[in-house]
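Every heavy atom of this structure was used, including side-chain atoms; hydrogens, water molecules and symmetry mates were not. Each chain gets a letter, A, B and so on, in the order its sequence line appears, and its residues count up from 1.
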Amino acid sequence: MPELPEVETMCRGLAGIVGRRIERADFPRGRVRPLLVEPARSVVARRLAGAEIVAVGRRGKRVVIELAAAGSMAASVDRRHWLVIEPRMTGLMLVVEPPSAEHVRLVVDLAGSASPRRFLFWDRRGLGTIRLLDDRGLEAACGAATLGPDGLGITGDDLASRLGRSRRAVKAALLDQRAVAGIGNIYACEILFRSGIDPRVTCRRLGRAAWERVAAEARRVLAEAVRLEGSSIGDETYRTADSRPGRAQTMHRVYGRVGEPCRACGTVIERIVLAQRATFLCRHCQRRR
DNA sequence: CGTTCAACCTGGGCGC
DNA sequence: TGCGCCCAGGTTGAAC
C-alpha cells in the first residue's frame with residue numbers, strides 16, 4: 001500500500017523520535033518472519049538498545065532511521081547504523097496504539113518521558129521488511145544502483161534518459177524503482193491520466209514533450225498527495241503515524257474508479273491488467289504522446 | 001531484454 | 001450464515 005506520499009507522511013509523523021535514545025527494542029512473540037529481518041532479530045534488538053536516533057528520512061518507499069551506536073556522541077561513521085523499514089503492502093509506522101496487537105512486528109521504546117514514548121511497525125499481511133544496516137549495507141539497499149531519482153524531484157531528462165529506449169509499457173516502467181523511486185500502482189495510474197498518456201504505450205514511442213509532462217505530473221501529483229497525507233482507501237488501511245486517515249484519495253481521478261465516469265470527459269473509466277497490476281484509465285483522455 | 005507466474009501473507013467483499 | 005473465490009497500495013526470483 002504505501003507509496004512515496006504515504007511513506008513520506010509516516011516519516012514526518014516520526015519527527016518526534018529524532019534526538020531520542022532507544023531504551024529497548026522488541027519483536028513481540030517473533031511475529032516477523034525471520035527471512036524478512038536482517039540480521040537476526042536478536043541481533044537487531046540488541047544493537048538498537050541504547051542507540052541514539054540521529055535522523056529519520058525516506059528513500060523511495062522505505063523509512064530510514066539513522067542511529068548512532070550507544071555511547072558514541074561523536075559522529076564517527078563506523079558507529080552509525082540505519083534501520084531500514086520497507087512497509088510493502090500493509091506496513092505502518094505508528095507512534096500511537098496499533099489497529100490490532102497481533103500484527104505488531106517491532107516495538108521500539110524510547111528513553112525519557114517525552115512524547116512519543118515509543119514507535120512501532122505494524123503490518124497486517126506481514127510482507128514488510130526490517131533491516132539494520134551499516135553504511136555499505138545502506139548503499140546496497142538504497143543507493144543509486146537500487147533506487148533511481150526520487151519521484152518528488154524527477155525531471156523529464158531523468159525519465160527520457162532512463163526509459164526513453166525501453167520497450168516496456170510506460171506504466172510498468174514507472175513502477176521500476178531503479179528508474180524513479182517512490183511511484184507505486186495508485187500514483188502511476190494518476191500520473192498517466194494527468195499526462196494524457198495511455199499506460200500501455202511503449203516507452204520508446206513517447207517523445208520529449210511527453211516525458212516532460214510525465215515528470216511534471218509526477219512531481220505535482222506526489223507533492224499534492226504528500227500535502228494531503230497519503231491515500232487511505234477503505235478500513236484497515238494506511239494511516240498516518242498518529243493513526244489518522246490520509247485525504248489524497250479525494251484527488252484520485254482514475255484509480256479504483258472502474259465503471260465510473262471520467263471527471264474530465266464522462267467516458268467510463270476502465271480497468272485493465274498491465275504487468276500483473278490493476279490499471280485504471282480513461283480511453284478518451286489518455287491518447288497523447 | 002521483457003513478460004508472466006508464483007510466492008510471500010491477511011482479511012474484506014462478493015456470489016451462491 | 002457460511003463457503004469459496006477474487007482482490008489488494010510491493011517486491012523478488014525463476015522460467016520462458
Item to check | Sugar-phosphate only, base, or nothing, as touched by R271(A) at under 4.0 Å among non-hydrogen atoms | outcome: sugar-phosphate

Next on the checklist: Taking the side chain as everything from C-beta on, heavy atoms only, tell me whether F193(A) gets closer than 4.5 Å to C262(A).
Outcome noted: yes

Next on the checklist: Using heavy-atom distances to pick each residue's nearest nucleotide on DNA chain B, tell me which of L274(A) and R33(A) is more 5'.
Outcome noted: L274(A)

Checklist entry - Would you write out the dot-bracket form of DNA chain B, 5' to 3', with Watson-Crick and G-U pairs under 3.5 Å, [ ] for crossing pairs, | for pairs to other strands and . for unpaired bases? => result .|||||||.|||||||

Item to check | Residues from residues 163-172 of chain A lying under 4.0 Å of DNA chain B - heavy atoms | outcome: S166(A), R167(A), R168(A), A169(A)

Next on the checklist: Counting only heavy atoms and a strict 4.0 angstrom limit, can you tell me which residues of residues 137-145 of chain A come near DNA chain C?
Outcome noted: none

Item to check | Sugar-phosphate only, base, or nothing, as touched by L35(A) at under 4.0 Å among non-hydrogen atoms | outcome: nothing

Checklist entry - From the 5' end of DNA chain B to its 3' end, which nucleotides mark the outer limits of contact with chain A, defined by a 4.0 Å heavy-atom distance cut-off (strictly under)? => result dG2(B) to dG11(B)

Checklist entry - So D198(A) and R288(A), salt bridge (Lys or Arg N to Asp or Glu O under 4.0 Å) or not? Walk me through it. => result CA-CA 7 Å; D198(A) 188 309; R288(A) 302 171 65 197; over 6 Å; no

Checklist entry - Between E217(A) and R213(A), is the closest basic N to carboxylate O distance under 4.0 Å? => result no

Checklist entry - Hey, does Q276(A) reach any base, or is it just sugar-phosphate, or nothing, if we go heavy atoms under 4.0 Å? => result base

Checklist entry - Who passes salt bridge (charged side-chain N to carboxylate O under 4.0 Å, His left out) against E3(A), sequence neighbours left out? => result none

Checklist entry - Touch check for G126(A), heavy atoms < 4.0 angstrom, all strands: base, sugar-phosphate only, or nothing? => result nothing

Checklist entry - What is the nucleic acid contact for T90(A), judged by heavy atoms within less than 4.0 Å: base, sugar-phosphate only, or nothing? => result nothing

Item to check | side chain to side chain donor-acceptor pair (under 3.5 Å) partners for T240(A), two or more places apart | outcome: D242(A)

Item to check | side chain to side chain contact (heavy atoms under 4.5 Å, CB included) involving A111(A) - partner list, sequence neighbours excluded | outcome: R21(A), E23(A)

Checklist entry - What pairs of residues pass the salt bridge (charged side-chain N to carboxylate O under 4.0 Å, His left out) test when at least one of them lies in residues 159-170 of chain A, not counting sequence neighbours? => result R168(A)-D176(A)

Checklist entry - Sequence neighbours excluded, which residues qualify as ring-ring contact (aromatic ring centres under 6.0 Å, His included) partners of F280(A)? => result Y255(A)

Item to check | Residue whose closest nucleotide on DNA chain C lies nearer the 5' end, T146(A) versus R124(A) | outcome: R124(A)

Next on the checklist: For a side-chain contact (heavy atoms from CB on, under 4.5 Å) check, start with the C-alpha distance between K171(A) and R200(A), then their side-chain angles and the critical distance, and finish with the verdict.
Outcome noted: CA-CA 7 Å; K171(A) 158 99 184 313; R200(A) 294 164 291 193; over 6 Å; no

Next on the checklist: For R125(A) and R88(A), find the nucleotide of DNA chain C closest to each by heavy atoms; which residue's nucleotide sits nearer the 5' end?
Outcome noted: R125(A)

Checklist entry - From F27(A) CZ over to R105(A) CZ, what is the distance, rounded to the nearest 0.5 angstrom? => result 12.0 Å

Checklist entry - By a strict heavy-atom criterion of less than 4.0 Å, which residues belonging to residues 185-199 of chain A are in contact with DNA chain C? => result N185(A), I186(A)

Next on the checklist: Quick test of your reading: applying salt bridge (charged side-chain N to carboxylate O under 4.0 Å, His left out), list the pairs with at least one residue in residues 117-132 of chain A, sequence neighbours left out, ordered by first then second residue.
Outcome noted: E86(A)-R131(A), D109(A)-R118(A), R124(A)-E236(A)

Next on the checklist: Could you tell me how far dC3(C) sits from dC9(B) if I compare only their P atoms? Round to whole Å.
Outcome noted: 24 Å

Checklist entry - Are side-chain heavy atoms of E66(A) and H81(A) found at a separation under 4.5 Å? => result no

Item to check | Inter-nucleotide P distance (dA6(B), dC5(C)), Å rounded | outcome: 16 Å

Next on the checklist: I want to check something: taking the side chain as every heavy atom from C-beta on, are L152(A) and R219(A) in contact at a cut-off of under 4.5 Å?
Outcome noted: no

Item to check | Basic-acidic side-chain contact under 4.0 Å: R283(A), E270(A) | outcome: yes

Next on the checklist: Does E86(A) reach a base, just sugar-phosphate, or nothing at all? Heavy atoms under 4.0 Å.
Outcome noted: sugar-phosphate

Item to check | Pairing of R136(A) and E139(A) as salt bridge, 4.0 angstrom limit | outcome: no

Checklist outcome for this item: Students should find that the nucleotides of DNA chain C closing off the region near chain A, any atom under 4.0 angstrom from a heavy atom, are dC7(C) to dT11(C)

Checklist entry - How far does the C1' atom of dG9(C) sit from the matching atom of dT3(B), given to the nearest Å? => result 22 Å

Checklist entry - Does some side-chain heavy atom of M93(A) sit less than 4.5 Å from a side-chain heavy atom of P87(A)? => result no

Item to check | Short side-chain donor-acceptor distance under 3.5 Å, T90(A) and W122(A) | outcome: no

Checklist entry - Do the side chains of I183(A) and L4(A) get nearer than 4.5 Å, heavy atoms only? => result no

Checklist entry - Between L127(A) and A275(A), which has a closest nucleotide on DNA chain B that is more 5'? => result A275(A)

Checklist entry - Is the closest basic N to carboxylate O distance between E224(A) and R220(A) below 4.0 Å? => result no

